[in-house]
Number of protein chains: 2
Amino acid sequence: METLQTTVNGFKSQDIMDTVKAIQSNPKIAKFEFRARNKWITGGHNRSTIQDFYGACVEDETRKEPFVFDNSEPPILLGNNEGANPVEFILHALAGCMTTTMMLHAAANGISVESVSSSLEGDLDVQGFLGLDDSIRNGYQNIKVSFKIEGNLTDEERNQLISFTRKSPVFDIVTNKVPIEVSVK
Amino acid sequence: METLQTTVNGFKSQDIMDTVKAIQSNPKIAKFEFRARNKWITGGHNRSTIQDFYGACVEDETRKEPFVFDNSEPPILLGNNEGANPVEFILHALAGCMTTTMMLHAAANGISVESVSSSLEGDLDVQGFLGLDDSIRNGYQNIKVSFKIEGNLTDEERNQLISFTRKSPVFDIVTNKVPIEVSVK
């Protein structure tokens, strides 16, 4: 079965099938707990570390060093650009998740893509966040995502690729409601 | 007016007041458009650049270099840990935004805080994303945020600090619905 040994969009078809079969035989391995730790530095500047997570019924130990990311703000928002700001990181996460989801589902469906890029825009009115106008929401009012996809693709495949992006976990998190429980020590 | 020259939690009180006054006199300056550009590399690996944005009625030019962030996946999710994954970036954005929002509103209310750290956990079952069980959502089922706050604070101030975090733009984005418009070239 030659097709099982192929790589599509950088994903090994066998790996995708093995993952699906493993989950079907034991759905518990599909449960993940992702984590981040954050420390305030000063003003609008803070730093997260991301390393460990739980998944496939074990604590992951593949990351020898943590990923470290700084949130900050530009001067107009009272910061010094020590990092991108949190709502910009939302666009980064959304772009990445929609892209990965598109490419994984494309691979699973045998659709080979040459290149994908995207540009995102999010509208935010800080009157909401600052409590100056209760009719304005605090977060993004809307987000526009524009993809550029290249490859030898039919119109139907192109439409499929875009429909795959709607399966993205971050697309779900942003377009739907996720409950957040806040506690303090 | 000595209080106007103070710095609370790293924010200059005068800067906060100036910002609020400027927006009250011209609400258009509160409108921001944040942006990200992303390029697929291979498999679950892609890269975002974040630099320019529109706000306060002008294109911001304070960032001389773009911020660059890689999304990737760990081996169990068919990647090679070239970066944190998109849903982990959501936790980073959420932690940072809730912290900055807390500290800015604390400063505006004259509440001085010594230190803040947080740890976040998000539960996600990949059966949703993989289309193996339609009853399971694709994104986080829930997120827990635990803050540790230190300082000479009354119980009332501590409760206020936690209530401030709910004004966070990313808290709004995650707990409520944001419309996303997807297009393709």
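Any value given below was found using the heavy atoms of this structure, including those in side chains, with hydrogens, waters and symmetry copies removed. Just so it is clear, the structure is predicted and the values come from calculations on it, not from any experiment. Just so it is clear: chains get the letters A, B, ... in the order the sequence lines come, proteins before strands, and each one is counted from 1.
Within the 4.5 angstrom heavy-atom criterion, only side-chain atoms of A:T19, from C-beta onward, approach chain B. Within the 4.5 angstrom heavy-atom criterion, only side-chain atoms of B:L132, from C-beta onward, approach chain A. Residue contact with chain B, scored on non-hydrogen atoms closer than 4.5 Å, involves the side chain of A:L77 exclusively. Heavy atoms of A:E65 lying under 4.5 Å from chain B are absent altogether. For B:L94, the part sitting under 4.5 Å from any heavy atom of chain A is the side chain, from C-beta outward, and nothing else. With a threshold of 4.5 angstrom between heavy atoms, A:N85 approaches chain B through its backbone and through its side chain. Contact annotation for A:I23: only side-chain heavy atoms (C-beta onward) come within less than 4.5 Å of a heavy atom of chain B. For A:Y54, no part lies under 4.5 angstrom from a heavy atom of chain B. Looking at A:F67, only its side chain comes within 4.5 Å of chain B, counting heavy atoms on both sides. Using a 4.5 Å cut-off between heavy atoms, A:M102 does not touch chain B at all. Of the atoms belonging to A:N9, heavy atoms from both backbone and side chain fall under 4.5 Å from chain B.
Put simply, CZ on A:F171 and CD1 on B:I180 are 5.0 Å apart, with the number rounded to the nearest 0.5 Å. A distance of 7.0 Å separates CD of A:Q127 from NZ of B:K31, quoted to the nearest 0.5 Å.
Distance alone, capped at 3.5 Å, is enough to place a donor-acceptor pair between the A:D172 side chain and the B:N138 backbone.
With salt bridges taken as basic N to acidic carboxylate O contacts below 4.0 Å, none links A:K39 and B:E150. A salt bridge is absent between B:R166 and A:E181: the closest approach of a Lys/Arg side-chain nitrogen to an acidic carboxylate oxygen does not fall below 4.0 angstrom.
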Item to complete: Give the C-alpha distance, both sets of side-chain angles, the deciding distance and a yes or no for salt bridge (Lys or Arg N to Asp or Glu O under 4.0 Å) between A:R63 and B:E82.
Response: CA-CA 10 Å; A:R63 296 162 170 178; B:E82 291 93 344; over 6 Å; no

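Using bins of under 30°, 30° to 60° and over 60° for the plane-to-plane angle, the ring pair B:F69/A:H92 lands in the tilted bin.
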